[in-house]
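What follows is a set of notes on a single structure, which appears directly below.
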Amino acid sequence: WPEWPESVTGGFDMLLSYCMMPYSKGCPFGQSEAMSCGMANTSDQQSYLTEADGLVFLVEEVPRKLRRVFDSSTAKFGLTRTQWRALAYIFRTPGLTQTELAKCLELERASVGHVIDQLEKADYVERRAVEGNRRVWTLHLRPKAIGILPALRAEADVVYERLLAGISGDEVAVFKRLLATMSANL
């Protein structure tokens, strides 16, 4: 188990105790999940799966669940989560190129091209040619997208409220520091 800097251990014990609850049952997933995924409750597996595994499993589980919730939330608007994220990036940076958007979304340029095609067809986005370079297009929101952004923002806020329910502002601050430290470590 790694040694953590003193500055980040404040909320770590609370996070770790939550992460480790399933270990009291011998499985990082909890008893019912252990049975459904075929994991037996043996001492070999207990020694193989570490406290760090439990933490990493939990850190991976949250974004997976968050993606599912966002998928259902954006579907109400006839959008995918990727389309919603694309609109948000274009709103934040009008004139973004498709290549720049691909980097923001961590997708291949061709995949982003398909997303933009769909958004353009739905009249949310328009491509504008860059003067002097016929191969580069900038991306801009159409009035229809600007009109839907407040509702999308409100929907995202509901999801975030649900995600952070029961967590104090101080705990969120500690958790952000912990995640930033973990990210910097990689």
Side-chain angles (χ1 to χ4, degrees), residues 11 15 18-19 22 28-30 32-33 36-37 53-128 130 135-169 171-186:
L15 176 64
Y18 176 75
C19 295
F29 301 105
S32 62
E33 291 85 351
S36 67
C37 68
D53 291 326
L55 176 63
V56 171
F57 293 162
L58 184 62
V59 168
E60 291 174 340
E61 180 182 348
V62 173
R64 187 172 40 252
K65 286 182 175 182
L66 189 58
R67 282 190 298 272
R68 278 190 230 129
V69 171
F70 260 106
D71 284 342
S72 65
S73 295
T74 58
K76 298 173 189 175
F77 299 93
L79 295 170
T80 66
R81 178 176 22 93
T82 301
Q83 290 169 332
W84 181 88
R85 291 179 60 220
L87 291 175
Y89 280 116
I90 297 166
F91 174 77
R92 188 177 2 177
T93 311
L96 202 62
T97 67
Q98 186 170 312
T99 301
E100 292 166 335
L101 181 60
K103 288 178 186 174
C104 292
L105 295 173
E106 296 182 358
L107 295 172
E108 295 297 320
R109 193 176 180 280
S111 298
V112 171
H114 180 67
V115 169
I116 297 304
D117 289 343
Q118 293 170 329
L119 290 172
E120 197 171 35
K121 185 176 179 180
D123 199 33
Y124 287 123
V125 170
E126 69 178 341
R127 290 177 169 111
R128 296 181 191 163
V130 172
R135 297 183 315 157
V136 177
W137 297 81
T138 58
L139 305 170
H140 302 271
L141 296 182
R142 305 273 302 139
K144 184 177 177 183
I146 293 168
I148 199 173
L149 284 176
L152 286 168
R153 172 75 270 150
E155 190 69 27
D157 290 343
V158 167
V159 171
Y160 297 154
E161 284 178 33
R162 180 177 166 194
L163 173 72
L164 299 173
I167 302 173
S168 73
E171 289 171 322
V172 169
V174 168
F175 188 58
K176 283 171 69 174
R177 281 197 321 271
L178 292 169
L179 288 175
T181 300
M182 290 177 192
S183 179
N185 288 343
L186 299 174

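Position 1 is the first residue of the sequence; numbering continues from there.
When atom types are taken as modelled, the side chain of Q98 and the backbone of T138 share no donor-acceptor pair closer than 3.5 angstrom. At least one donor-acceptor pair under 3.5 Å links the side chain of S72 to the backbone N or O of V69. Within the 3.5 Å criterion, the main-chain N or O of L179 finds no donor-acceptor partner in the side chain of S183. Between the side chain of Q83 and the backbone N or O of T80 there is at least one donor-acceptor pair closer than 3.5 Å.
Distance check: D123 CG to K144 NZ gives 6.0 Å after rounding to the nearest 0.5 Å. Atom CD of E100 and atom OH of Y89 lie 13.0 Å apart (nearest 0.5 Å). Atoms NZ and CZ, from K65 and R162 in turn, are 9.0 Å apart once rounded to the nearest 0.5 Å. Distance check: I146 CD1 to L141 CG gives 5.5 Å after rounding to the nearest 0.5 Å. Remark: T181 OG1 to L186 CG distance equals 11.0 Å, nearest 0.5 Å. Taken from CZ in F91 to CG in L152, the straight-line distance is 11.5 Å, to the nearest 0.5 Å.
Of all non-hydrogen atoms in G147 and P150, the two that sit nearest each other are O-CD, 3.5 Å. Nearest heavy atom pair, residue G166 against residue E171, reads O-OE1, 4.0 Å. Across all non-hydrogen atoms, the minimal contact from L163 to I167 is O-CD1, 4.1 Å.
Residues L139 and T97 have side chains not in contact (no heavy-atom distance under 4.5 Å, counting atoms from C-beta outward). The side-chain heavy atoms of R127 and I116, taken from C-beta on, include a pair separated by under 4.5 Å.
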> Would V130 and W137 satisfy side-chain contact (heavy atoms from CB on, under 4.5 Å), going step by step from the backbone distance to the final call?
Replying inline: CA-CA 6 Å; V130 172; W137 297 81; 5.9 Å; no
> Stepwise, does the side-chain contact (heavy atoms from CB on, under 4.5 Å) test hold for V62 with R67?
Replying inline: CA-CA 9 Å; V62 173; R67 282 190 298 272; over 6 Å; no
>> As a quick check of understanding, evaluate side-chain contact (heavy atoms from CB on, under 4.5 Å) for L105 and R85, giving each step before the final call.
In response: CA-CA 7 Å; L105 295 173; R85 291 179 60 220; 3.6 Å; yes
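Under 4.0 Å is where a charged nitrogen must lie from a carboxylate oxygen, and between E60 and R64 no such pair does. A salt bridge links E126 to R128: at least one charged side-chain nitrogen sits closer than 4.0 Å to a carboxylate oxygen.
For Y124 and F77, the gap between ring centers reaches or exceeds 6.0 Å.
The residue from L87, L119, V112, L107 that alone fulfils the side-chain contact (heavy atoms from CB on, under 4.5 Å) condition with T82 is L107.
Qualifying side-chain hydrogen bond (donor to acceptor under 3.5 Å, both in side chains) partners for K121, counting only residues two or more places apart in sequence or in other chains: none. Checked against side-chain hydrogen bond (donor to acceptor under 3.5 Å, both in side chains), K103 has no partners two or more places apart in sequence or in another chain. Every residue two or more places apart in sequence or in another chain that forms a salt bridge (charged side-chain N to carboxylate O under 4.0 Å, His left out) with R81 is listed here: D71.
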